[in-house]
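Here is the structure we will look at.
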Protein chains: 2
Amino acid sequence: MTDISRSGCPINLSLEVLGDKWSLLIIRDMMFGNRRHFRELLTKSEEGISSNILADRLKTLLDEGIITREDDPTHKQKGIYSLTEQGIELLPVLAQMAAWGYRYLPVSEELGIRARLLSEGGPKLWAEFMDELRENHLGLKRRKRAGPSVGERLQAAYESVVNRK
Amino acid sequence: MTDISRSGCPINLSLEVLGDKWSLLIIRDMMFGNRRHFRELLTKSEEGISSNILADRLKTLLDEGIITREDDPTHKQKGIYSLTEQGIELLPVLAQMAAWGYRYLPVSEELGIRARLLSEGGPKLWAEFMDELRENHLGLKRRKRAGPSVGERLQAAYESVVNRK
DNA sequence: TAAACTGCTTGCGATTTGCAACTGGTTGTA
DNA sequence: TACAACCAGTTGCAAATCGCAAGCAGTTTA
């Protein structure tokens with residue numbers, strides 16, 4: 001690992017950790033796709049990451065404190081990857097990036113619907129989703145709200161678009 | 001150029017354009033450091049990009065419509081790079097990334113002050129700064145406000161920290 | 001007991017990176 | 001008019017990284 005940093009600028013330091021074509025996609029799949037195992041991240045992603053790259057990025061994200069890994073009690077070989085608070089707080093970065101991509105790049109309808117809802121919901125919706133992530137990844141208890149969760153709503157919207165086509 | 005995209009996901013598409021260690025730093029320098037010429041971007045950055053990488057990234061950013069290039073009337077060899085509206089709207093992405101880095105990475109005091117002010121100012125301050133960028137890069141007229149601009153305030157805060165040390 | 005599945009690792013060719021030197025031209029100064 | 005400094009890049013090359021495919025040892029399922 002190269003521990004020397006080019007500068008102490010927060011944007012630069014962030015890019016030294018996350019500035020590649022895969023790291024944030026892994027975070028995205030953990031957040032929005034609820035992928036928690038190696039195989040899930042490997043095979044259930046749209047983009048088809050290769051296993052060596054995935055292993056390398058997971059190691060980096062572990063080292064940086066963005067995710068954790070624990071053994072799965074139901075399967076001796078499986079590991080469960082979870083987001084840390086530091087990882088969960090990447091949601092606003094992803095949300096802004098999704099909003100920008102939605103506005104300016106050739107986004108497909110079914111994969112754009114989450115970005116649209118997230119953008120329309122704004123920081124308030126992001127905070128609610130982050131609370132859900134804290135519950136699912138950090139095991140924190142949360143006041144039960146009425147109706148479906150943000151994650152469920154995003155997923156339902158996605159499936160609705162897929163089924164309509 | 002590889003025009004094939006891995007998926008139509010807005011986050012993925014954004015990363016295919018900006019997912020490397022330099023592109024967003026160039027945008028950052030254009031926004032916050034007001035670097036507009038090749039040499040300025042090359043020599044006045046903290047991180048020391050090399051000229052071939054800079055040339056390559058500028059070409060990509062041009063192709064993607066994130067920046068434009070025009071001849072400098074005062075110097076036959078100089079080109080002036082400007083942000084487009086699409087480029088200016090990357091500010092919230094940078095702001096969120098800066099806020100995250102400021103919170104979790106070993107940011108230096110002088111280079112972190114801008115991130116702190118930007119984070120404290122929130123979306124309202126970002127919008128004001130984006131209006132200033134539109135004035136400087138797109139030539140749009142803007143209602144004159146009282147007092148120093150956001151860019152000036154950020155710069156003053158940075159210099160204040162530098163001088164104090 | 002065999003097939004499928006688990007989280008990775010390894011080999012290797014192709015691409016990308018980054019340093020350094022260089023190019024062809026322009027501008028400022030004496 | 002000469003010359004140094006400055007301009008936006010380009011080129012060559014070694015090193016690092018990427019990404020495909022195959023492989024591996026252990027575990028679970030049928």
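Computation of the quantities below employed the complete heavy-atom set of this structure, encompassing side-chain atoms and omitting hydrogens, waters and symmetry-equivalent molecules. In the text below, chain A, chain B and the rest are named by the order of the sequence lines, each starting its count at 1.
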Legend entry - Nearest-nucleotide 5' precedence on DNA chain C, Arg57(B) against Lys78(A):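 The 5'-side residue here is Lys78(A).
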
In whole angstrom, what separates [X]'s [atom1] from [N]'s [atom2]?
X        : N       : atom1 : atom2 : result
Lys44(B) : dC7(D)  : NZ    : C1'   : 14 Å
His75(B) : dG28(C) : NE2   : P     : 7 Å
Glu40(A) : dG7(C)  : CD    : P     : 8 Å
Leu41(A) : dT6(C)  : CG    : P     : 12 Å
Leu42(B) : dC22(C) : CG    : P     : 17 Å
Asp56(A) : dG19(D) : CG    : P     : 11 Å
His37(A) : dT28(D) : NE2   : P     : 13 Å
Leu54(A) : dC18(D) : CG    : P     : 13 Å

Legend entry - Heavy-atom donor-acceptor pair, Ser51(B) side-chain to dT10(D) base, under 3.5 Å: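 Side chain to base: pair found, below 3.5 Å.
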
Inset, instruction - Test for a donor-acceptor pair under 3.5 Å between the base of dT6(C) and the side chain of Gln77(A), counting only N and O atoms. - result: yes

Legend entry - Matching residue for Ser82(B) among Arg69(B), Arg36(B), His137(B) - test: side-chain hydrogen bond (donor to acceptor under 3.5 Å, both in side chains): Arg36(B)

The side chain of [X] lies closest to which of these nucleotides: [options]?
X        : options                   : answer
Tyr81(A) : dT6(C), dC8(C), dC7(D)    : dC8(C)
Asn52(B) : dC20(D), dT6(C), dT11(D)  : dT11(D)
Ile53(A) : dC18(D), dT27(D), dT27(C) : dC18(D)
Ala55(A) : dC8(C), dT27(C), dG7(C)   : dC8(C)
Arg39(A) : dG7(C), dC7(D), dG18(C)   : dG7(C)

Inset, instruction - Using a strict cut-off of less than 4.0 Å between a Lys/Arg side-chain nitrogen and an Asp/Glu carboxylate oxygen, indicate whether Glu70(A) and Lys78(A) qualify as a salt bridge. - result: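 Salt bridge flag = no for Lys78(A) with Glu70(A).
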
Legend entry - Approximate separation, where rounding is to 0.5 Å, of Trp126(B) CH2 and Leu118(B) CG: 7.0 Å

Legend entry - salt bridge (Lys or Arg N to Asp or Glu O under 4.0 Å) evaluation trace for Asp56(A) with Lys59(A): CA-CA 5 Å; Asp56(A) 178 86; Lys59(A) 200 187 301 175; 5.6 Å; no

Inset, instruction - Kindly indicate, with the supporting measurements, whether the criterion side chain to side chain contact (heavy atoms under 4.5 Å, CB included) is fulfilled by Gln86(A) and Arg103(B). - result: CA-CA 9 Å; Gln86(A) 184 176 347; Arg103(B) 202 156 13 201; over 6 Å; no

Inset, instruction - Select base, sugar-phosphate, or nothing to describe what Asp20(B) touches, counting heavy atoms under 4.0 Å on all strands. - result: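 Answer is nothing: Asp20(B) stays at 4.0 Å or more from every strand.
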
Legend entry - Side-chain N or O of Trp22(A) closer than 4.0 Å to phosphate OP1/OP2 of dC18(D):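 So the side-chain polar atoms of Trp22(A) never come under 4.0 Å of the phosphate oxygens OP1 or OP2 of dC18(D).
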
